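When a residue number appears, it is its place in the shown sequence, counting from 1. Just so you know, these numbers use all the heavy atoms, side chains as well, and skip hydrogens, waters and symmetry mates. Bear in mind the structure is a predicted one, so any value in this text is a computation, not a measurement. Read the numbers this way: they start at 1 and go in the same order the structure lists the ligands and their atoms.
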Amino acid sequence: MPDPILRVTGLKKQFPGVQALDGAGLDVYPGEVMGLIGENGAGKSTMIKILAGVKQPDEGIIEVKGQAVEIPDPIASQALGISVIFQELNLIPNLTVSDNIFVGRELRRSRFLIDDNQSRKLTRELLGQTGLHINPNTRVEDLPLSQRQMVEVAKALSIHSSLIIMDEPTSSLTGQEVERLFEIIKRLTGQGVAVIFVSHKLEEVFQICDRIHVLRDGKDVGTKPASQLSHDEVIKMMVGRELGSLFVKEEAEITEPILEVENISSHAGIENVSFSLRKGEILGFAGLVGAGRTEVMRAVFGVDERTAGTIRINGKEVNIRTPFDAIKHRIGLIPEDRKDQGLILEMMVRHNTTLPGLPFFFPNGILKERKEYDITRSFIEKLSIRTPSQEQEVLHLSGGNQQKVVVAKWLALEPRILILDEPTRGIDVAAKKEIHRLITELAKDGVGVIIISSEMSEVLAMSDRIVVMHEGRKKGELERGEATQEKIMEMALRTTQEELHHAGRAE
Ligand SMILES: Nc1ncnc2c1ncn2[C@@H]1O[C@H](COP(=O)(O)OP(=O)(O)OP(=O)(O)O)[C@@H](O)[C@H]1O
Ligand SMILES: [Mg+2]
């Protein structure tokens, strides 16, 4: 056995009210993929930030290639051959892709001249390796989340590290992009590079990791070869008790239509989409990334302007022009991108939870702190949000716990129609099960629920009916009993007569 590239022992880190790491350790060898797994708030990102030189440990030893080291800052981390893809992406939105990749270590023609041509050329090559064919001069803010994630990967590749750490690198990637990333990982490990891989998607973890290390409450539960573990065993290590891996949907009574959408179109590329949702029903939206599912919901919710079509709620036509109109009609939308649309990170958990509801909870403008407190407490319990107090700034919660606050905030409004766009992204298996349970409870109370998820198994398990979309159009619907992954894909990709007709006319 060669020496480990990285050996961490007895790592401790305390934040006010939280022992994030409590003696954790880890060994990683050249050429292996080590899965770092644990519940939301287990300490994964904290360990990674310490290795990246972003945070300093209170105690512990870090050895790189057999030498004890200090990592006072990110430059020291890079110099040790470590590169990190952070969970909350670290790109600078208003810089170009190329500038982001080389920021801080610009290629130079001379002491004073930055070699832009060379940077662009290298950027193109690096992007090519990740399968991203975009102009290196594109500003990062103009890219969708999945492409930003790939830019981070390209940046990590440019550093030629011996250890690459990826903190939930696939959370916004499509299936195809994930495959591409895995090819890159295999190529790197073939060259002796070691990879630490963090993900809540256990299928992926088993697909790519050689060994799995589980953290719980900042402590090591153990390390084992992936081949010697089952899903259920990993889950048990994570949560410390048996937990059936999947939630079984309970039947709710489905009654009259609550939302009817007819022939809506928007500038975001959706065309003539119609569907209806009944009380007590869970309606899944399936399709490839880019199929327009998010855009349909944005049009319904008044985020994007509708260019055509009508919306009826409880049989009455309504005019929704802004999200506020939508909220007044008791529609809730849990958006896919929590950082941009979901939360005010500098505000405390309680205010984030109750903020959109204030005009509704307290219609005469008088704030009842007790009520605010109680609402928040009930959601912290229901969703097991890990926070030292309601007063904690959301910024300081782990990624998955931030996502839970987004969910809480919309549930607190007690919507009659609830749209969930990737509600369990970044959420650990135990909490995911809780969210699925909450969704079915809402349906039982007569709420109409729409769920979009890139995890086909989630859509199939939760939905009473599934709408399949492709390129901004609805391709069809499947009932719960008849829907399978194959049928959905077939429907998403089949060209309809109407499209052939359109294509014929366009020529
Ligand atoms: N800057 C901070 N201030 C206060 N508490 C913090 C800070 N950073 C992390 N924590 C807390 O430390 C604990 C560990 O967080 P960490 O981000 O390491 O979890 P994680 O395992 O990455 O979880 P997730 O799967 O949700 O990303 C959490 O309870 C979190 O709230
Ligand atoms: Mg994390």
Side-chain angles (χ1 to χ4, degrees), residues 8 11-26 34-60 84-90 149 152 165-172 196-202 204-205 212-221 234-235 237-240 337-339 342-343 345-350 352-353 380 383-408 422-435:
V8 178
L11 210 56
K12 291 196 177 179
K13 177 73 184 177
Q14 189 168 34
F15 295 112
V18 190
Q19 188 72 42
L21 289 173
D22 194 6
L26 187 70
M34 173 64 100
L36 182 59
I37 308 300
E39 286 184 284
N40 297 131
K44 305 177 296 292
S45 296
T46 303
M47 185 186 275
I48 289 169
K49 285 177 189 159
I50 290 172
L51 295 170
V54 177
K55 292 239 146 67
Q56 295 307 308
D58 302 331
E59 273 177 49
V84 179
I85 300 174
F86 291 98
Q87 182 174 10
E88 302 299 338
L89 300 181
N90 221 16
Q149 218 154 31
E152 284 273 12
I165 306 177
M166 305 182 174
D167 197 354
E168 299 193 37
T170 61
S171 56
S172 314
I196 297 177
F197 183 85
V198 179
S199 173
H200 288 293
K201 301 181 187 166
L202 289 185
E204 284 179 8
V205 171
I212 293 178
H213 183 85
V214 180
L215 285 181
R216 185 165 75 231
D217 296 332
K219 297 188 183 71
D220 301 318
V221 179
V234 172
I235 292 171
M237 287 169 86
M238 282 170 62
V239 301
D337 184 347
R338 62 172 171 266
K339 225 179 164 186
L343 295 170
L345 293 170
E346 293 75 20
M347 255 169 39
M348 65 167 91
V349 171
R350 178 165 65 241
N352 265 291
T353 306
I380 288 178
L383 298 172
S384 43
I385 298 174
R386 199 175 293 208
T387 176
S389 73
Q390 297 195 1
E391 286 77 34
Q392 181 77 316
E393 288 176 8
V394 167
L395 188 66
H396 292 146
L397 299 191
S398 78
N401 284 297
Q402 291 182 7
Q403 176 73 358
K404 291 184 199 172
V405 176
V406 180
V407 174
E422 304 285 358
T424 59
R425 174 183 287 167
I427 286 194
D428 71 49
V429 277
K432 193 166 168 173
K433 203 169 161 180
E434 279 316 305
I435 287 181

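Distance alone, capped at 3.5 Å, places no donor-acceptor pair between the Asn40 side chain and the Ile427 backbone. Here the side chain of Gln403 pairs no donor or acceptor atom with the backbone of Thr424 at under 3.5 angstrom. Judged purely by atom type and a 3.5 angstrom limit, Glu434 has no side-chain atom pairing as donor or acceptor with the backbone of Leu383. No side-chain donor-acceptor contact under 3.5 Å links Arg216 to the backbone of Glu39. For the pair Lys13 (side chain) and Gln56 (backbone), a donor-acceptor distance under 3.5 Å is present.
Using 4.0 Å as the threshold, Gly43 has a heavy atom nearer than that to some atom of ligand 1. Using a non-hydrogen distance threshold of 4.0 Å, Gln402 does not register as a contact of ligand 1. Contact analysis puts His200 in contact with ligand 1, with a non-hydrogen atom separation below 4.0 angstrom. Using a 4.0 Å cutoff on heavy atoms, Gln403 does not count as a contact of ligand 1. Ligand 1 lies out of reach of Met47, whose nearest heavy atom is not under 4.0 Å from it.
Thr46 lies apart from the Mg ion (ligand 2) in this respect, since none of its N, O or S atoms is found at a distance under 2.8 Å. Under 2.8 Å from the Mg ion (ligand 2) lies no N/O/S atom of Asn40, from backbone or side chain alike.
Contact between Ala24 and Gly218 at its shortest, heavy atoms only, is CB-O, 3.6 Å. Considering every non-hydrogen atom in both Asp220 and Leu215, the closest pair reads OD1-CD2, 3.5 Å. The heavy-atom pair separating Ala20 from Thr46 by the smallest distance is CB-OG1, 3.9 Å. When all heavy atoms are compared, the tightest approach of Ser384 to Asn401 is O-OD1, 3.9 Å.
For ligand 1, the polar-atom distance check against Gly400 finds a nitrogen or oxygen pair separated by under 3.5 Å. Between Ala42 and ligand 1, an N or O atom pair is found at a separation short of 3.5 Å. Some N or O of Gly41 is nearer than 3.5 Å to an N or O of ligand 1, by distance alone. Checked against a 3.5 angstrom limit, the closest N/O atoms of Arg386 and ligand 1 fall outside it.
Remark: ligand 1 atoms within the under-4.0 Å shell around heavy atoms of Gln392 are 4 (C), 5 (N). Listed by number with element, the atoms of ligand 1 under 4.0 Å from a non-hydrogen atom of Asn40 are 23 (O), 24 (P), 25 (O), 26 (O). Proximity to Gln87 (heavy-atom distance under 4.0 Å) selects the following atoms of ligand 1: 27 (O). Distances below 4.0 Å separate heavy atoms of Ala20 from the following atoms of ligand 1: 12 (O), 13 (C), 14 (C). Close contacts between ligand 1 and Thr46 involve ligand atoms 14 (C), 15 (O), 16 (P), 18 (O) [criterion: under 4.0 Å to a heavy atom]. Those atoms of ligand 1 with a heavy atom of Glu168 less than 4.0 angstrom away are 25 (O), 27 (O). Near Glu39, meaning under 4.0 Å from one of its heavy atoms, ligand 1 places the atoms 21 (O).
Between the side chains of Thr170 and Glu204, a donor-acceptor pair is found at a separation under 3.5 Å. A side-chain donor from one of Ser171 and Gln149 sits under 3.5 Å from a side-chain acceptor of the other.
Scanning all protein heavy atoms for the shortest distance to atom 9 (C) of ligand 1 gives Phe15 CE1, 3.4 Å. Ranking protein heavy atoms by distance to atom 31 (O) of ligand 1, first place goes to His396 O, 3.1 Å. Looking only at protein heavy atoms, the nearest one to atom 17 (O) of ligand 1 is Ser398 CB, 3.4 Å.
Contact annotation: for Val18 versus ligand 1, heavy atoms closer than 4.0 Å belong to the side chain alone.
Salt-bridge annotation for Lys219 and Asp22: present, with a side-chain N of the basic residue lying under 4.0 Å from a carboxylate O of the acidic one.
Between atom CG of residue Leu26 and atom CG of residue Leu36 there is a gap of 6.0 Å, rounded to the nearest 0.5 Å.
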